[in-house]
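Single-structure report; data block below.
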Amino acid sequence: MNQISSKQIVALLRSEIANYEIEKKNHDIGSVKYVGDGIAVINGLDHAMYGEIVVFENGVKGMVQDVRRNEIGCILFDLEGSIKEGTKVTRTEKMASVPVGEGFMGRVINALGDPIDGMGEIKADDYYPVERPAPGIIDRQSVCQPLETGILSIDSMFPIGKGQRELIIGDRQTGKTSIATDTIINQNGKGVICVYVAIGQKASTVAKLVNTLKTHGAMDHTIVVTANASDPAPVQYIAPYAGAAIAEYFMYAGKDVLIVYDDLSKHAAAYREISLLLERSPGREAYPGDVFYLHSRLLERSAKLSDALGGGSITALPVIETQSGDVSAYIPTNVISITDGQIYLESGLFFSGMRPAVNVGLSVSRVGGAAQTKAMKKVSGSIRIDLAQYREMEIFTQFASDLDESTQNQLRYGKGLMELLKQPLSHPMSMPHQVITLVAATEKLFMRIPVNKIKKAQMAMLEYFKTYAPEIERKLNDTKELTPELKNKIVETAKKFFANPTLVK
Ligand code: ATP
Ligand code: MG
């Protein structure tokens, strides 16, 4: 009889336990079944979680996007390189995250947080998850402070508040990016940190934009996150979330942040590419079923935090490119319904010389009015209606030759208003200047000036105010209110200016 000693039993158990460990570890090493076009399908990673980072033998990192019964699908953040069938893959048990910190200010980085501006390493203060649930209702407070764009037509009629999401929508080459960059430039010295996320743009376009920001001294408070058109689709897909994570770092530190996603149409296209490669079933316009969630979870992350959480905010300016003005396409309607309003840019207006080409009828800001300064609110009340009336009348009177005087006056007034709303690039207007312009306009003081000279007269008038009545600007800045006395003073000063024929040429 073979007698088994207790020692042998223990040894047997020990080896079993040791083998069990090995077996468990083996489950965390998978092998590639299929690879190509920025995605890989992996066998054997049984416990991988959605959103987890996996590492391939050659160091390339991927993120789990699809968990199926016997395999997982993941997106690759680098070119496939030497990944082939059978390449080993390990789990990291970590969710995708990006480095964040003060050191990123003024830098250009890629979607993974690595600097690409040749200015050396960036010291990270922390790592923030790329995907993070949006702040809940209790964590928020309603929008109560204005975020001034410095663009007269927007600040007066479609005001944006800190924590709001305002969509910039329009055809190609209608000045969408320019509105975003002008807004960033206007934040100079206002303590708002800006994050510009470029998705699927040409590297040269982004370089030009960085240059513009630099020459206007706006790069010091800006972080540019870029995933270029030549980058793989997964990198373009992750870029806005990485940008949001960087913005959240500052928001939770109690600061105000402005984030621009330029643009989400290309982001949706990148996601469609990934989804089709992962063999998800295509829906409308071949986008996958969850494309709404793609943008809603991103834009929900902008918020105005409650005072208990420091009162920081993220204001989002997503950009959407339409095809020949079609706002009822799938992605535009989705994003319109997620955001708190849109600024609609029209190519017809743009080419007729009305720049910025804001369409007054189709643009709207749903919450910003609550945050507008009192002075601005008071003076801009009638502008929108006046402009709407003008546009309507303009269409009706196109072919009429003899119009009665009141119609002619109204047309001239409307035309003058449109002229005043024109604004060259990178020339933000301060709130007092906007208020003074609008007071003079609504008092019909520009009526006597020929239309082609209105812009010049406006500039000269603001100069006049600066020299002869600087206290008006100061008072507006301090109180942000337009008392009847202050309004009278503005009207009087403006009248004095317009009465002087040498000044109004
Ligand atoms: P894309 O579709 O290529 O991204 P976009 O809609 O972002 O274009 P921009 O790049 O901002 O448009 O502007 C297009 C052109 O119009 C640029 O050359 C820019 O200089 C000019 N432009 C934009 N806004 C104004 C303005 N207010 N005054 C004068 N020119 C402008
Ligand atoms: Mg653009």
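First listed ligand is number 1; within each ligand, the first listed atom is number 1.
Given atom 12 (O) of ligand 1, the protein heavy atom at minimum distance is G175 N, 3.0 Å. Atom 25 (C) of ligand 1 has as its closest protein heavy atom L425 CD2, 3.4 Å. Scanning the protein heavy atoms around atom 6 (O) of ligand 1, the nearest turns out to be K176 NZ, 2.7 Å. Shortest contact from atom 28 (N) of ligand 1 to any protein heavy atom: R355 CB, 3.7 Å.
Using a 4.0 Å cut-off between charged side-chain N and carboxylate O, D263 and K266 make a salt bridge.
Near S178, the atoms of ligand 1 lying under 4.0 angstrom from a non-hydrogen atom of the residue are 9 (P), 11 (O), 13 (O), 23 (C), 24 (N). Every atom of ligand 1 is numbered from 1 in the order shown, and the set under 4.0 Å from a heavy atom of T177 is 4 (O), 5 (P), 7 (O), 11 (O). Less than 4.0 angstrom separates some heavy atom of Q423 from each of these atoms of ligand 1: 26 (C), 27 (N), 28 (N). Set against the non-hydrogen atoms of E321, the atoms of ligand 1 under 4.0 Å away are 2 (O).
Under the 4.0 angstrom criterion for non-hydrogen atoms, G170 is not in contact with ligand 1.
Among the backbone and side-chain atoms of T177, an N, O or S atom lies under 2.8 Å from the Mg ion (ligand 2).
In this structure, the side chains of M429 and T437 come closer than 4.5 Å at one or more pairs of heavy atoms. A heavy-atom distance below 4.5 Å is found between the side chains of M461 and F446. Side-chain contact between V439 and V379: present, with at least one pair of heavy atoms (C-beta onward) separated by less than 4.5 Å.
The closest non-hydrogen atom to atom 8 (O) of ligand 1, taken over R172, K266, K202, Q173, comes from Q173.
Defined by atom type and a distance below 3.5 Å, a donor-acceptor pair is present between the side-chain atoms of D290 and Y271. Side-chain atoms of T322 and D171 include a donor-acceptor pair closer than 3.5 Å.
Taking each heavy atom of D262 and Q201 in turn, the nearest pair found is O-NE2, 3.0 Å.
In this structure, F104 has its ring center no closer than 6.0 Å to that of Y249.
At a 3.5 angstrom cut-off on N or O pairs, F350 does not count as close to ligand 1.
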